[in-house]
Amino acid sequence: MTYDYEYFKKEVLALTAIDLSCYKEKQMKRRIDTLIAKHRIDGYDKYIHGLKTDKELFEEFVSYITINVSEFYRNPEQWKLMDGQVIPELIKKFGNSLKIWSAACSTGDEPYSLVMALSKHVPMLNIRIFATDLDKQIIAKAKMGLYNSKSIQAVPDDMKKKYFTQVGPSFKVADEIKARVEFKEHNLLKDTYPTGCHMIVCRNVLIYFTEEAKDEVFRKFFRSLAPGGVLFIGSTEQIVNYKEIGFERKNSFFYQKPV
């Protein structure tokens, strides 16, 4: 039997439900080969055996291949637009209790940023963010809510003072912010999507997907949104065929499902 990358992808799918075929092959294969070399493991078959028998190796692998680069208020100008225009419009349309999904939420920077942004417009008790990620270790880290100074750099000063406490070199997000977020494991390529969302935030994740996988996810997001709902994507992404899917473009990063 040839233990090539195709074999490896099939084994990983069976083991983790992560379909590596949906990721850009050159980038992903390079990442995995680097990880295997780091452990001085000889070949894909031996590495698969290690993933099946060594819990730490398995968890490291899942963390490594799920891209976890995030920060609060990433691309601040887009958050200003959300604060000044998108959130007020959604509240006018749907009321104070918005259903918001932060998809592929990584270390929690984004869903916690959403709570802070919404707190300027509605009472804290009305805020509920549904946040999902593929990697349970990353979700555990998000629930802890500890961040370095670089992660919170773009947080507005008033929010920083109000919602963060310094703990040694780190900064802890306030419990009242954490209480408004529900975290859950979710695979964008495999699991059922929530419905009736007023806003979906999924930023700088789909750039690692193939064009086919990207298209499928954008179509599922469209179906997940309530009419009038908004999808907020990252500055590194664009939906080329947004009209074909059914979206209206509010600007480069916000796409709306027509009413």
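Being a predicted model, the structure only gives us computed values, none of them experimental. Computed from heavy atoms alone, side chains included, the values below leave out hydrogens, waters and symmetry copies.
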What distance separates L98 CG from I87 CD1, expressed to the nearest 0.5 Å?
-> 8.0 Å
What one should report as the nearest heavy-atom pair of E6 and E25 is OE2-OE1, 4.1 Å
More than 12 heavy atoms of other groups within 6.0 Å of H39 NE2 | yes
Presence of salt bridge, R180 and E176, under 4.0 angstrom | no
Does a donor on one side chain and an acceptor on the other come within less than 3.5 Å for Y44 and D33?
-> yes
Do K52 and E11 sit within salt-bridge range, that is, some charged N less than 4.0 Å from a carboxylate O?
-> yes
If every non-hydrogen atom of R74 is compared with every non-hydrogen atom of R203, which pair is closest and at what distance?
-> O-NH1, 3.2 Å
Ring centroid separation W101 to H186 under 6.0 Å = yes
Before accepting this row, confirm whether a basic side-chain N of the pair K172/D175 lies closer than 4.0 Å to the acidic partner's carboxylate O.
-> yes
Can you list every side-chain hydrogen bond (donor to acceptor under 3.5 Å, both in side chains) pair that touches residues 245-258, not counting sequence neighbours?
-> E89-K250
Yes or no on salt bridge (Lys or Arg N to Asp or Glu O under 4.0 Å) for D215 and R219, after CA distance, side-chain angles and deciding distance?
-> CA-CA 6 Å; D215 183 68; R219 287 176 189 277; 2.8 Å; yes
Using atom types as modelled, flag every donor-acceptor pair under 3.5 Å from a side chain in residues 189-196 to any protein atom, sequence neighbours excluded.
from	atom 1	to	atom 2	distance (Å)
D191	OD2	N187	N	2.7
Y193	OH	L188	O	2.7

Is the count of non-hydrogen atoms from other residues, nucleotides or ligands lying under 6.0 Å from Q238 atom CD greater than 12?
-> no
With F72 as partner, the option from W79, F164, F171 fulfilling ring-ring contact (aromatic ring centres under 6.0 Å, His included) is F164
Would you say the side-chain atoms of N96 and H121 include a donor-acceptor pair closer than 3.5 Å?
-> no
Intermediate values then yes/no, side chain to side chain donor-acceptor pair (under 3.5 Å), H49 and D54 | CA-CA 8 Å; H49 177 72; D54 184 330; over 6 Å; no
So, are K38 and E60 salt-bridged, with charged N and O less than 4.0 Å apart?
-> yes
